[in-house]
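Worksheet for the structure shown next.
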Amino acid sequence: MRKQIAAANWKMNLTKPQAEQLLNMLLDQAPELTGSQEVVLAVPFPYLMWVMERISGRSGYRVAAQNCHHKVAGAFTGEVSAPMLASLGVSDCVLGHSERREYQQESDSLLAEKVDRCLEVGLRPIFCCGEPLSIREAEGQNDHVGGQIRAGLFHLTADAITKVVIAYEPIWAIGTGRTASADQAQEMHAHIRSVLADQYGDVVAASISILYGGSVKASNATELFGLPDVDGGLVGGASLQADEFVQIIRSLA
Ligand code: 13P
């Protein structure tokens, strides 16, 4: 059975004292998880070690980096490699968030390299995809997202792709308060699963967790997470409020 995942993406928010306050409140209230549920905290690099220490011993709670470099090591000042993250004990790495695709010009081929660097060292990629508003309005979203998945992931073997989590985040829903409707989310998640099934077969496609991201909040998480092909969420703004994010965790199927 595939995992149901509530993932927090703190992005470039919170000073250390602010992060401490949030994490204290979150861990005070955070529920125990069933064996098929996970909580992932994608935090800024300087907080990785500390957050890992704070969640240690809590079953199903994991820590993610928000990015890594596409090379193993070398003269890349200011960058962080996948082997470094793995050697710290980090378990997950968000890749290809639309903010990085846009502001850092991350291309599909670069992301395919990052996926490989992560899998080589046992880091689970949380591979983000999603269309801008102009493509949604032209009804090109299925081709766009299918193309991102093929270009970023289809060089993988069937065994390797089962180690990836996919996050569908329509760009027009990120930070806008405009969530995809239940129908829009389910339709896209089913499309992603059919793209995976065409390449890898139904069994592999059914085993991959596909998260929805874009203005997920406590008030809409239950409906979204209850959809047949939505396996949880990647949450930005609402993950910065402990009570909101705790409710989102409780909304996992
Ligand atoms: P919001 O939840 O703030 O819309 O952000 C979504 C997101 O980008 C998570 O990665």
Side-chain angles (χ1 to χ4, degrees), residues 3-14 18-19 22-23 26 38-45 47-48 51 62-68 90-106 111 114-115 118 123-133 135-136 141 144-145 148-149 152 164-182 184-185 188-189 192 209-225 227 230-252:
K3 298 285 184 189
Q4 305 294 311
I5 303 170
N9 180 4
W10 288 1
K11 307 190 181 185
M12 196 178 74
N13 291 300
L14 308 171
Q18 291 168 337
L22 173 64
L23 194 62
L26 180 63
E38 288 179 358
V39 170
V40 179
L41 303 176
V43 306
F45 289 128
Y47 304 158
L48 285 167
V51 176
R62 302 165 66 107
V63 176
Q66 296 175 9
N67 175 45
C68 69
V90 174
S91 58
D92 294 55
C93 186
V94 177
L95 293 178
H97 192 282
S98 59
E99 288 149 17
R100 294 200 59 86
R101 290 180 187 260
E102 181 177 355
Y103 306 137
Q104 268 71 37
Q105 285 82 44
E106 292 195 350
L111 292 170
K114 293 191 181 201
V115 168
C118 284
L123 277 175
R124 181 174 70 177
I126 300 177
F127 181 86
C128 301
C129 55
E131 80 287 355
L133 184 60
I135 287 183
R136 168 68 58 169
Q141 66 271 15
H144 183 85
V145 170
Q148 289 176 320
I149 303 264
V164 175
V165 169
I166 293 174
Y168 168 61
E169 300 202 306
I171 296 170
W172 46 271
I174 295 178
T176 59
R178 183 178 163 191
T179 317
S181 69
Q184 287 171 323
M188 177 57 80
H189 283 233
I192 293 170
S209 298
I210 307 175
L211 315 185
Y212 168 80
S215 298
V216 174
K217 349 182 228 294
S219 59
N220 59 25
T222 306
E223 182 185 24
L224 288 164
F225 298 175
L227 298 168
V230 175
D231 306 307
L234 181 55
V235 186
S239 76
L240 302 174
Q241 292 170 260
D243 51 345
E244 275 280 312
F245 192 60
V246 166
Q247 273 308 113
I248 290 167
I249 298 171
R250 291 188 192 282
S251 305
L252 285 174

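Just so you know, these numbers use all the heavy atoms, side chains as well, and skip hydrogens, waters and symmetry mates. Ligands are counted one by one from 1 in listed order, and the atoms in each one are counted from 1 as well.
At a 4.0 Å heavy-atom cut-off, ligand 1 does not touch S239 at all. Heavy atoms from both the backbone and the side chain of L234 come within less than 4.0 Å of ligand 1.
For E223, the CD atom sits in a loose shell: 12 or fewer heavy atoms of surrounding residues, nucleotides or ligands are nearer than 6.0 Å.
Ranked by closest heavy atom to atom 6 (C) of ligand 1, the top entry among G236, G175, A167 is G236.
The closest approach between a heavy atom of K11 and any atom of ligand 1 is below 4.0 Å. For G214, the closest heavy-atom approach to ligand 1 falls below 4.0 Å. Distances shorter than 4.0 angstrom do not occur between any heavy atom of S98 and any atom of ligand 1. The shell of residues lying under 4.0 angstrom from ligand 1, judged by heavy atoms, excludes G213.
One finds no salt bridge joining E169 and R101 here, because no Lys/Arg side-chain nitrogen approaches an Asp/Glu carboxylate oxygen to under 4.0 Å.
Any N or O atom pair closer than 3.5 Å counts here, and G237 shares at least one such pair with ligand 1. Geometrically, ligand 1 and E169 share a nitrogen or oxygen pair separated by less than 3.5 Å.
Looking at L41 and L26, their side chains come closer than 4.5 Å, going by heavy atoms from C-beta outward. Annotation: side chain of S239 is not in contact with side chain of L22 (no heavy-atom distance under 4.5 Å).
Between E131 and the options R136, Q141, Q148, a side-chain hydrogen bond (donor to acceptor under 3.5 Å, both in side chains) holds for only R136.
Classification of the H189-Y168 ring pair by plane angle, with boundaries at 30° and 60°, yields perpendicular.
Here E99 contributes atom CD and Q66 contributes atom CD; the two are 9.0 Å apart, rounded to the nearest 0.5 Å.
Interface of A173 with ligand 1, defined as ligand atoms under 4.0 Å from a residue heavy atom, comprises 4 (O).
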